[in-house]
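Step one of this worksheet: look at the structure below.
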Amino acid sequence: MKLTISVIKADIGSVGGHTKPSARMMAAVEGEVAKAIDNGLLIDGFVRHTGDDIAIIMTHTRGEGSSEVHQFAWKTFLAATAVAKTSGLYGAGQDLLVDAPSGNVRGAGPGVAELSFDHSLSGARPAESFMVFAADKCGPGAYNLPLYLAFADPMYCAGLMLPPMIKGFRFHIIDMDNTAGDSVIELDAPADGYHIAALLRDNERFGIDRIVSKTYDEVAVAVSAQRLHSIAGKYTGKDDPVAIVRNQGIFAAPEEIISPFVKAHFVGGDARGSHVMPLMPVPLNTPVTGMYCLPIVSCVGFSIDRDGKFSESYADFFDNLAWDEVRQRAQRKAIEMRSQGWSGAAMLPYSELEYGGFRDTVSGLLKRFRLREESEPQAAE
C-alpha cells in the first residue's frame with residue numbers, strides 16, 4: 001500500500017488574543033475528521049493544537065497534494081472559523097488567505113507537510129513510526145538547526161555511523177524568498193555539509209523542505225516551508241511550521257531527533273513575528289500565555305498498523321519532567337534577550353520585519369531625510 005501522511009495546520013481564531021483555539025473550535029474539527037474517516041476519505045486522523053494553531057494529522061492513500069484531502073482540510077478550517085466568528089474570537093480565519101482554492105491548499109495560507117511511502121511493514125521498515133512537530137510564533141527555518149544536527153551530525157545522532165545511515169542523507173533546501181514557485185537545491189550530507197550549513201544559517205530565507213535517505217531513497221522528513229508574508233504580501237501572522245519525521249531503523253531514533261531542541265535555540269518570531277527569541281519545547285495543546293510571546297514547539301509520535309491506522313495511543317515527547325529544565329533555560333534566555341528591547345540583535349533586521357507597521361513607520365521617516373548642506377570653508381586669516 002502506498003501510504004501518505006498529511007499534516008495541514010492553520011491559525012483560524014483564538015481566545016483572549018493569540019493564545020489557543022476554543023474547545024468548540026477543536027470539537028468542530030474533530031467532528032469533521034471523524035466523518036472523513038467514516039466515509040473512507042481518510043484512514044485515520046488526529047487533531048491537536050500548539051498555541052493558536054490547529055493541526056490535522058492524517059493517513060490516506062490518495063497521495064501528496066490530493067485535492068480531495070486538501071479541500072476537506074480547507075472546509076474543516078472554514079467550519080471552525082465560523083465557530084470562531086460566532087464567538088468573537090481573535091484572528092478568525094487568519095490563515096485562510098484566499099476565498100476558495102480550487103485544488104490543494106499549498107499557497108493558500110495553511111501550512112502543509114506531506115510524505116508518501118510503500119507501507120508493507122517488511123524489509124527495511126518492519127515497523128513504521130513517525131513524529132510530528134508543530135511550532136507557533138516562528139517560521140519554517142526554526143527546524144533548520146535541529147534537523148541538521150539530527151540527520152548530519154554524529155555528535156547528536158550516533159546512528160549516522162551505522163551501516164543503514166552511513167551513506168548520509170540528501171537535504172532538499174528551498175529558497176523561501178522565491179515567490180515564483182518552489183526553488184529547491186539538493187545537497188548531500190556529509191559531503192556537502194558545509195554548503196548545507198551556509199544556507200541553513202539563514203532561517204528567514206532558506207529552509208529544509210525534505211530529507212531523503214541516500215541508502216534507501218526513502219523520505220525521512222517533510223516540512224511546511226511556506227511563508228505567509230510571501231503569499232499575502234503583508235504580515236498576517238507568523239508561519240508556524242509543521243514537520244513530519246519518520247524515525248527508528250534506517251532513520252534517526254526519537255531521542256536523537258529531539259535532543260537538539262535542548263538548545264532552546266534562537267529563532268525569528270515572538271510578538272508580531274519581529275523579535276529573536278528561544279524556541280521552547282512544550283506538551284501538546286499548550287496555549288501561548290507566558291510572558292512575551294515565546295516561540296513554542298510540540299512533538300507527538302505514532303506507530304502505524306498494517307492498515308494505515310495510528311496506534312491506539314500516542315507519545316507526547318515534550319510532556320516529560322526532563323524538559324522542565326529546558327523550558328526554564330528558554331525562559332531565562334528570553335528574559336535576557338527581551339531586556340535589550342528593540343535594539344540590535346533582539347529584533348529581526350529591517351528587511352525581515354514581518355509586521356508591516358514597522359516598515360510603514362520607517363518608510364515615512366526615510367522620506368524626511370535630507371542631504372546636509374556643506375558649509376562654506378572660511379578663508380584663512
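What you see below is based on every heavy atom in this structure, not just the backbone, and it leaves out hydrogens, waters and symmetry mates.
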In terms of side-chain heavy atoms, does S122 have a donor or acceptor partner in S120 at a distance below 3.5 Å?
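Side-chain D/A pair, S122 to S120: present.
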Indicate whether any N or O donor in one side chain lies under 3.5 Å from an N or O acceptor in the other, for T59 and D44.
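Distance-only check fails for T59 and D44.
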Give me the ring orientation class for [X] and [Y]: parallel if the planes are under 30° apart, tilted from 30 to 60°, perpendicular past 60°.
X: H18; Y: Y90; result: perpendicular
X: F261; Y: F133; result: parallel
X: F318; Y: W323; result: perpendicular
X: Y314; Y: F302; result: tilted

Which pair of heavy atoms, one from [X] and one from [Y], lies closest together, and at what distance?
X: V288; Y: G51; value: CG2-CA, 3.7 Å
X: P278; Y: A264; value: CB-O, 3.2 Å
X: S298; Y: T50; value: OG-OG1, 2.7 Å
X: E256; Y: G159; value: OE2-N, 3.2 Å
X: L279; Y: C138; value: CD1-SG, 4.1 Å
X: S14; Y: T19; value: OG-N, 3.6 Å

Within 45 degrees of the axis of the six-membered ring of F117 and under 6.0 Å from its centre: does R246 put its NZ or CZ there?
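So R246 does make the cation-pi contact.
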Strictly distance-based, threshold 3.5 Å: is any side-chain N or O of H70 a donor or acceptor partner for the main-chain N or O of V105?
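At least one qualifying donor-acceptor pair exists.
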For [Y], is there an ion pair with [X] - N to carboxylate O distance below 4.0 angstrom?
X: K35; Y: D38; value: no
X: K333; Y: E336; value: no
X: D118; Y: R125; value: no
X: D52; Y: K137; value: yes

Pick one: which of S22, P287, P21 meets side-chain contact (heavy atoms from CB on, under 4.5 Å) with V15?
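It is S22, the one option of S22, P287, P21 that forms the side-chain contact (heavy atoms from CB on, under 4.5 Å) with V15.
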State, yes or no, whether a side-chain contact exists between V33 and M58 at a heavy-atom distance under 4.5 Å.
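No, every pair of side-chain atoms sits at 4.5 Å or beyond.
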